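Model, not experiment: these values are computed from the prediction. Just so you know, residue 1 is the first one in the sequence shown, and it goes up from there. Hydrogens, waters and symmetry mates play no part in the numbers below; they use all other heavy atoms, side chains included.
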Amino acid sequence: MTVEKHNIRRFDPGRDMDEVIRCYESGFGPTLWPIFEFSDRRAIEDIIMTDHRAASVSLVAVADGEARGVLFGVLPSGPFDEIRHIRLVVAMMFRRLVSRRGEMRPFARIVLWHVVSRELLYYWHGLRGRAAVVEALTSREGWRGGIGTALMDVFVKEARESGFKRVDLGTDSELSWGFYEKYGFKRVAEWPHHGYDYSLPGRDVTAYVYSLEL
């Protein structure tokens with residue numbers, strides 16, 4: 001189903017959390033399956049809210065009155081935004097591994113740590129400099145006809161109006177990387193991705209960085 005631009009609005013945690021959890025499960029569940037299967041709802045909400053708090057722009061695509069897709073993006077104003085993002089992630093990991101570790105089963109905690117620790121490689125390989133950054137973009141299965149484009153159109157417009165000349169993002173060969181090439185992004189870096197060694201054992205996964213010139 002196609003979602004037009006006027007169906008995009010700001011993410012409201014109190015209103016949209018149930019559907020955004022389903023979006024995350026649909027889009028990221030295959031690569032992070034133990035996290036969704038062996039975690040309390042509070043842990044999943046914490047992961048999503050960490051993405052939301054780190055974002056400058058949090059958007060949902062609405063169809064039939066419910067959020068069917070979500071985009072979290074950053075319009076950095078300076079180097080301290082990156083530091084703030086890292087601090088938010090570190091605080092979330094402290095809750096997941098120490099203070100509220102009981103909300104996740106041990107295997108789920110291991111996979112989360114393994115994935116998050118390797119996310120730092122995206123900064124090393126190219127997510128740097130003055131560029132808007134898409135941190136997360138996904139939608140529910142069966143609701144992908146135009147949702148990603150509609151969300152990206154709104155984020156790109158806000159990035160351009162804020163003076164940015166480029167949008168960057170990180171993805172991998174297990175996710176919908178082909179969408180970004182169809183949208184106009186160019187691949188600028190790739191390397192072996194070992195973040196899924198526990199959730200997808202034996203699979204050869206490649207990490208990608210894509211950039212879109214505005």
Sort out for me which residue in Val209, Asp172, Thr206 forms a side chain to side chain contact (heavy atoms under 4.5 Å, CB included) with Trp191.
Val209
Please name all residues satisfying side chain to side chain donor-acceptor pair (under 3.5 Å) with Arg84, sequence neighbours left out, ordered by chain then number.
none
Do Arg10 and Glu158 sit within salt-bridge range, that is, some charged N less than 4.0 Å from a carboxylate O?
yes
Using only atom types and a distance under 3.5 Å, with no angle test, would you say the side chain of Arg96 pairs donor to acceptor with the backbone of Ala43?
no
State whether the number of non-hydrogen atoms from other residues, nucleotides or ligands found under 6.0 Å of Tyr198 atom OH is greater than 12.
no
Under 3.5 Å, is there a donor on one side chain and an acceptor on the other for His52 and Ser58?
yes
Between Tyr24 and Phe28, what is the ring plane arrangement, given parallel below 30°, perpendicular above 60°, and tilted in between?
perpendicular
Does a sphere of radius 6.0 Å around CZ in Arg203 hold more than 12 heavy atoms from other residues, nucleotides or ligands, not counting ones at 6.0 Å or beyond?
no
Donor on one side chain, acceptor on other, Asp168 and Tyr122, under 3.5 Å
no
Using the ring of each side chain (for Trp, its six-membered ring), is Tyr210 parallel, tilted or perpendicular to Tyr180, with breaks at 30° and 60°?
tilted
Is it true that Glu19 and Arg140 have a side-chain N and a carboxylate O under 4.0 angstrom from each other?
yes
Assess whether atom CZ of Arg41 is packed by more than 12 heavy atoms of other residues, nucleotides or ligands within 6.0 Å.
yes
Do Val133 and Val167 come within less than 4.5 Å of each other through their side chains, counting heavy atoms only?
no
For the aromatic rings, using the six-membered ring if either is Trp, is the centroid distance between Phe11 and Phe72 under 6.0 Å?
yes
